[in-house]
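Fair warning: this is a prediction, and the values are worked out from it, not measured in the lab.
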Amino acid sequence: MPELPEVETTLRGISPYVSQSQIKQLIVRESRLRWPIPEDLSQHLEGATIGVPWRRGKYLLLPIGTSGTLMIHLGMSGSLRIVDPDLAPRKHDHVDLVLESGRALRFHDPRRFGCILFTETPREHPLLRDLGPEPFDTVFDGRFLYRQSRKRKTSVKAFIMDSHMVVGVGNIYASESLFAAGISPTRAAGNISLARYERLAQAIQGVLSASIAQGGTTLRDFVNATGNPGYFRQTLNVYEREGELCRVCETPVKMARQAQRATYWCPHCQS
DNA sequence: CAGCACTCCTGTTCGC
DNA sequence: TGCGAACAGGAGTGCT
């Protein structure tokens, strides 16, 4: 399931192939994604040249000529691959962006939680304009988390997963970051000290950058732009390790459900 | 506004 | 062995 490191891995994988490439044809085999693919999308894309792709949170953004930007979200089962356009599409290969270079960018998404949209003004788009800072932005630090969390009764885990606070922290990395910081996921966000938020901000950055360095976490079916898995899974300390022993203190890892999401933590190392 | 529950979807896993 | 049920989850939406 793509989280920020997977999206970043995808961005780096596809960029060399799509940047400065002209779009020959848009092929939509299934338009029913999270939101329908705009019916007039091919008019915006065909014949246009793609600029330098970028990322905001988990959204991949491909500048299209001078007219706008293609927004792609991978949802939780989506992936993008560079393929030979003649390669027969598999099940759930919903969209191809055929390039003049002789390759195609192919969007695959079994659960169809992803989306492909077009906007003339990406930074003002409702899905992007209210997002919190990037975890590697200078404004994101312990003081930021501390300030934002005052008087918040929600759990610290739900708090750091809120993309209006900080983008890119999904379910896996929320558990892993809280473990690294030694903070119990059930603790109320508003009751955590500045010192602990300093640790947490650093933990989030450390966990995310380590995962990016490993090519993302392959849990079930994530593959990068060349179809290879990521290797961060072997590094996970608590996620999906219920009942297994903490790598630090050998206490069994616990699992509980918070807001319909599984949370994993070590009851000895985290308080 | 804050804090929830609900919703979309299909592949995988589980229980009988 | 086969079947249906439960489960997984990013994040927008809508209700209290």
Spacing between A:Asp130 atom CG and C:dT13 atom P, to the nearest angstrom: 11 Å

A:Pro110 side chain, from C-beta outward: closest of C:dG9, B:dT10, C:dG12: B:dT10

Stacked cation flag A:Arg147 on A:Phe144, 6.0 angstrom / 45 deg: no

Rounded distance in Å - NZ (A:Lys157) to P (C:dA11): 13 Å

A:Tyr239, nearest nucleotide to its side chain (from C:dG9, C:dG12, B:dG3): C:dG9

Touch class at under 4.0 angstrom, heavy-atom based, for A:Arg32 against every strand present: nothing

d(CG, A:Leu128; P, C:dA11) in whole Å: 11 Å

Verdict with reasoning, A:Lys153 to A:Asn191, per side-chain hydrogen bond (donor to acceptor under 3.5 Å, both in side chains): CA-CA 8 Å; A:Lys153 290 185 166 67; A:Asn191 286 346; over 6 Å; no

Atom-pair distance (CE on A:Met165; P on B:dC1), nearest Å: 12 Å

Touch class at under 4.0 angstrom, heavy-atom based, for A:Phe159 against every strand present: nothing

Qualifying residue, where the test is salt bridge (Lys or Arg N to Asp or Glu O under 4.0 Å) with A:Asp96 and the options are A:Arg29, A:Lys24, A:Arg81: A:Arg29

DNA chain B: 5'-proximal contact among A:Arg34 and A:Lys91 (nearest heavy atom): A:Arg34

Angle between terminal axes - the helix from B:dA2-C:dT16 to B:dC16-C:dG2, 5 pairs each end, rounded to 10°: 60°

Sugar-phosphate, base or nothing in reach of A:Ala262, heavy atoms under 4.0 Å: sugar-phosphate

Candidate pair A:Val83 and A:Asp93, rule side chain to side chain contact (heavy atoms under 4.5 Å, CB included), full reasoning: CA-CA 11 Å; A:Val83 298; A:Asp93 280 346; over 6 Å; no

Short side-chain N/O contact to C:dA8 OP1/OP2 from A:Arg111, under 4.0 Å: no

d(NE2, A:His164; C1', C:dG10) in whole Å: 12 Å

Candidates C:dG12, C:dG9, C:dA11 - which lies nearest the side chain of A:Lys58: C:dA11

Phosphate contact (C:dG9 OP1 or OP2) by A:Ser77 side-chain N/O below 4.0 Å: no

Side chain to side chain contact (heavy atoms under 4.5 Å, CB included) between A:Ile23 and A:Ile64, intermediate numbers included: CA-CA 9 Å; A:Ile23 299 167; A:Ile64 303 299; 4.0 Å; yes

Residue A:Arg112, side-chain heavy atoms: nucleotide from B:dT10, C:dG9, C:dG12 that is nearest: B:dT10

C:dG10 OP1/OP2 closer than 4.0 Å to side-chain N/O of A:Tyr173: no

N/O (side chain, A:His73) to phosphate O (OP1/OP2, C:dA11) under 4.0 Å: yes

Any A:Lys153 side-chain N or O less than 4.0 Å from OP1/OP2 of B:dC4: no

Of the listed nucleotides C:dA8, B:dT10, C:dG10, the one nearest the side chain of A:His92: B:dT10

Short side-chain N/O contact to B:dC6 OP1/OP2 from A:Arg261, under 4.0 Å: no

A:Arg103 atom CZ, over 12 foreign heavy atoms within 6.0 Å: no

More than 12 heavy atoms of other groups within 6.0 Å of A:Arg123 CZ: no

Candidates B:dT7, B:dG3, B:dT10 - which lies nearest the side chain of A:Arg152: B:dG3

Between P of B:dT12 and CE of A:Met76, the distance in whole Å: 12 Å

Audit row: A:Thr69, A:His125, side chain to side chain contact (heavy atoms under 4.5 Å, CB included) steps and yes/no: CA-CA 11 Å; A:Thr69 297; A:His125 192 279; over 6 Å; no

Atom pair distance, as rounded to whole Å: CZ in A:Arg129 and C1' in C:dA11: 16 Å

Atom pair distance, as rounded to whole Å: CH2 in A:Trp35 and P in C:dA11: 10 Å

Option among A:Arg241, A:Glu244, A:Glu242, A:Lys254 that satisfies the side chain to side chain contact (heavy atoms under 4.5 Å, CB included) test with A:Tyr264: A:Glu242

Verify stack between A:Phe113 ring and C:dG10 base, 5.5 Å, 30 degrees: yes

